[in-house]
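Notes follow the structure.
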Number of protein chains: 2
Amino acid sequence: MIPTSQDVATRAGVSRSTVSQILNGRAEYFAEETQARVAQAVAELGYEPSSAGRTLARGSSDIVIALIPDTTFGRNLQDIYGSLTEELARRGLTLVLRLSTSTEASLDRLVVGMKPRAVLTLTALPAGQRDLLVRRGVEVLEPDESSNADVNARIGTLQARHLIERGYRSLAYAHLRDARSDPFGGARERAFIEECRLCGLDQPRILHLDVAPEDARSALEELELPGFAVACYNDDVATALLYAATEKGWKVPDDIALIGMDNTPLSRLTVPPLTTIGYDPNQATQGSLQQLLNRLDKDNNREEVVEVQMDLVQRATT
Amino acid sequence: MIPTSQDVATRAGVSRSTVSQILNGRAEYFAEETQARVAQAVAELGYEPSSAGRTLARGSSDIVIALIPDTTFGRNLQDIYGSLTEELARRGLTLVLRLSTSTEASLDRLVVGMKPRAVLTLTALPAGQRDLLVRRGVEVLEPDESSNADVNARIGTLQARHLIERGYRSLAYAHLRDARSDPFGGARERAFIEECRLCGLDQPRILHLDVAPEDARSALEELELPGFAVACYNDDVATALLYAATEKGWKVPDDIALIGMDNTPLSRLTVPPLTTIGYDPNQATQGSLQQLLNRLDKDNNREEVVEVQMDLVQRATT
DNA sequence: AGCACTCGTTGACACGTGACAACCAGCGAG
DNA sequence: CTCGCTGGTTGTCACGTGTCAACGAGTGCT
């Protein structure tokens, strides 16, 4: 039913070994006519090598597993993993997604079983999981810590600088309460605080809330008085605070200023619309992608990593 | 480095064949002591069978591929696919996710290469992709069309009935403009219209918009006058309309009433908060899961499908 | 004692591929 | 004529598993 390399070989009138080599980079050692005949047979039969066989023979598969963090990204997964999938496919690799919420044991089963070429994540991995993977001899592709921290630091800095430029002097940073969902919050907060310090402002307040009215209310209680400018972990957090402020009768941005992050479609639809930070998710993954490919290809031709571009989207909450 | 079944066999003092059979359901044919020794060896070595070898030998892998539709679900993927992953793992199957946005050719490669036990989707599959899969002899698990249509019909009906109960007489239905992102819209709209007819109301207006201010404004233009009650494809659409209505100075819910769908966290944070429909995503996937498992196990003990429970969440836009 | 029969176990093959040594034909040099 | 060389091709082994026929040791029956 499904053609094997033997079928291709027979049809092309050569040995299976010839087919295999032509299809695996040794093509130049063969006569052009042979190459052509094999190519034609492959096309006619719609042959695709069995990844199981390949895996067995080579010791590792062509599969790259992306561990999806248990977190809320500002965008849909499509935006984030779509280009990764395509780019890897172009290099003969298959990207497959896996929720990293599942147990360590099941991750173990997965890697031992599938022998992935690499495991990739866009956020730092829990130590336990990373150990597991290296122990199993799997290549782990985490974002370059420095560059990742750098991106998040830039976000925090950008938020702080914008608020300060707009004249606000009492600043605060609002995290998601659930630390699991807030993997980048630490780095952003640190940069935010640092920027405040550099500008000679007081230590900013730190808030924690879930995306819910109750939490937003108590967060505002903590601020006690109007007059704060709050940088938020994402647009959802900003929306929650905006809601509570409106309810409380605080004027935005006079009594409280808010800046979000992600530039989600909904950030244009609050009243008033949110100031936020936007970025091109395609471009954002490009960096991690480059790192990944460099390490996989063992090509040390390090293409310089393009800095992901962030745009401050000024709307009406600052 | 990675133990094989041979290693287990040697350690347990039996043949590899014995190990294989004990681990694959033929355990009862073997002496208890042998079973115990094998079990112990497995544990001590941390043995996991290589899925490549398995796949080769059996002709199909233990992998189930979930095709993620190119659509915006109201919830995070974690909520939707998390329980699926776990439940399948309990049955020795491994769920991996795959964006269905990628090309047909790459889907083909994936399927031929990985020989998945089944391919699963939560929405109906494009005809081209389905053909491809059955041609490759893969089991395709689509949601039972009738039950799926039924769920969506209930949503449309529920929205209509609520609006009518609240006394509204001029109704409209608002789709996402991008039909790709709106796979269920058709079924919901039909049920919505039907319910209007049953109650003797005029044919409802149909709107199409993206989640953006411009689109929401022109959608309202189409309605011309205040006095409509609009059922929306999801909470985001409702939020967009709410924004435009507020901007226009229309009072909600007097000049325009809105009901969303999904009960997202943000639906509590609009001003005024959205009336919407909530459901338990865990329970919602349970149905598809049961179907899938039944078909995989070939157990014809059809557990009756539990009806997905929907709760109308009345807030301030109706 | 010989036979059939069961229980527990093993040996051998197949699955589809990649890698590499070995092979063959042809050809020029000695 | 023989040797060595080269471009082109093939044979063979290894990868780790599942399956199934076959095997040996008991055991009860005739």
Side-chain angles (χ1 to χ4, degrees), chain A residues 1-38 41-42 45-63 92 94 109 111-115 117 136-137, chain B residues 1-38 41-42 45-63 92 94 109 111-115 117 136-137:
Chain A
M1 174 112 190
I2 292 184
T4 72
S5 64
Q6 180 60 64
D7 299 332
V8 174
T10 311
R11 184 171 194 114
V14 297
S15 80
R16 197 188 60 75
S17 180
T18 300
V19 173
S20 176
Q21 304 202 52
I22 288 188
L23 265 40
N24 286 291
R26 295 230 176 293
E28 65 267 33
Y29 295 102
F30 290 82
E32 295 219 353
E33 197 214 316
T34 309
Q35 297 185 32
R37 281 219 310 279
V38 169
V42 165
L45 294 176
Y47 168 74
E48 287 292 341
S50 142
S51 110
R54 268 174 96 87
T55 303
L56 213 47
R58 302 204 326 184
S60 101
S61 70
D62 297 334
I63 290 180
T94 299
R109 271 205 304 280
V111 294
V112 172
M114 305 225 315
K115 300 231 172 24
R117 183 77 68 78
R136 288 302 195 181
Chain B
M1 172 112 190
I2 292 184
T4 72
S5 65
Q6 181 60 65
D7 299 332
V8 174
T10 311
R11 184 171 193 113
V14 298
S15 80
R16 198 187 60 75
S17 177
T18 300
V19 172
S20 177
Q21 304 202 52
I22 289 188
L23 264 40
N24 286 292
R26 296 230 176 290
E28 65 268 30
Y29 295 107
F30 290 80
E32 294 218 353
E33 197 213 315
T34 310
Q35 298 184 32
R37 283 220 309 279
V38 168
V42 165
L45 294 175
Y47 168 74
E48 286 294 341
S50 143
S51 114
R54 260 175 159 259
T55 303
L56 211 47
R58 302 204 326 186
S60 101
S61 70
D62 297 333
I63 290 180
T94 299
R109 268 205 305 280
V111 166
V112 174
M114 306 228 310
K115 302 231 171 20
R117 182 78 66 81
R136 288 303 195 180

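Residue numbering restarts at 1 for every chain, and letters A, B, ... go by the order of the sequence lines.
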Nearest-Å distance for atom pair [atom1]/[atom2], residues [X] and [N]:
X	N	atom1	atom2	answer
Glu28(A)	dT9(D)	CD	P	13 Å
Glu32(A)	dG7(D)	CD	C1'	13 Å
Tyr29(A)	dT10(D)	OH	P	17 Å
Arg58(B)	dT19(D)	CZ	P	6 Å
Arg54(A)	dC15(C)	CZ	C1'	17 Å
Phe30(B)	dT6(C)	CZ	P	18 Å
Leu56(A)	dG18(D)	CG	P	12 Å
Gln21(B)	dC23(D)	CD	P	16 Å

No-hydrogen, no-angle side-chain donor-acceptor test under 3.5 Å, Ser15(A) and Thr18(A) = yes

Residues Asn24(B) and Arg58(B): side-chain donor-acceptor under 3.5 angstrom = no

Ignoring hydrogens and angles, are the base of dG16(C) and the side chain of Thr4(A) linked by a donor-acceptor pair under 3.5 Å?
-> no

Check: Arg16(A) side chain, dG18(C) base, donor-acceptor under 3.5 Å | yes

Among dT9(D), dT17(D), dG16(C), which nucleotide sits nearest the side chain of Ser5(B)?
-> dT17(D)

Out of dG16(D), dT19(D), dC20(D), minimum distance to the side chain of Ser20(B) belongs to dT19(D)

Heavy atoms of other groups near Glu28(B) CD, more than 12 under 6.0 Å | yes

Taking the nucleotide of DNA chain C with the closest heavy atom to each, which residue, Ile22(B) or Leu23(A), is nearer the 5' end?
-> Ile22(B)

Identify, between Val14(B) and Lys115(B), the residue whose nearest nucleotide on DNA chain C lies closer to the 5' end.
-> Val14(B)

Can you tell me if the side-chain N/O atoms of [X] get under 4.0 Å from OP1 or OP2 in [N]?
X	N	value
Thr34(B)	dT9(C)	yes
Ser17(A)	dG11(D)	no
Ser15(A)	dT9(D)	no

Determine, stepwise, if the pair Glu48(A) / Val42(A) fulfils side chain to side chain contact (heavy atoms under 4.5 Å, CB included).
-> CA-CA 8 Å; Glu48(A) 287 292 341; Val42(A) 165; over 6 Å; no

Checking all strands, does Ser50(A) fall into the base, sugar-phosphate, or nothing category for heavy-atom contacts under 4.0 angstrom?
-> sugar-phosphate

Would you mind classifying the nucleic acid contact of Ala52(B) as base, sugar-phosphate or nothing, using non-hydrogen atoms under 4.0 angstrom?
-> nothing

Kindly indicate whether the side chain of Ile22(B), heavy atoms from C-beta on, has any atom under 4.5 Å from the side chain of Val19(B).
-> no

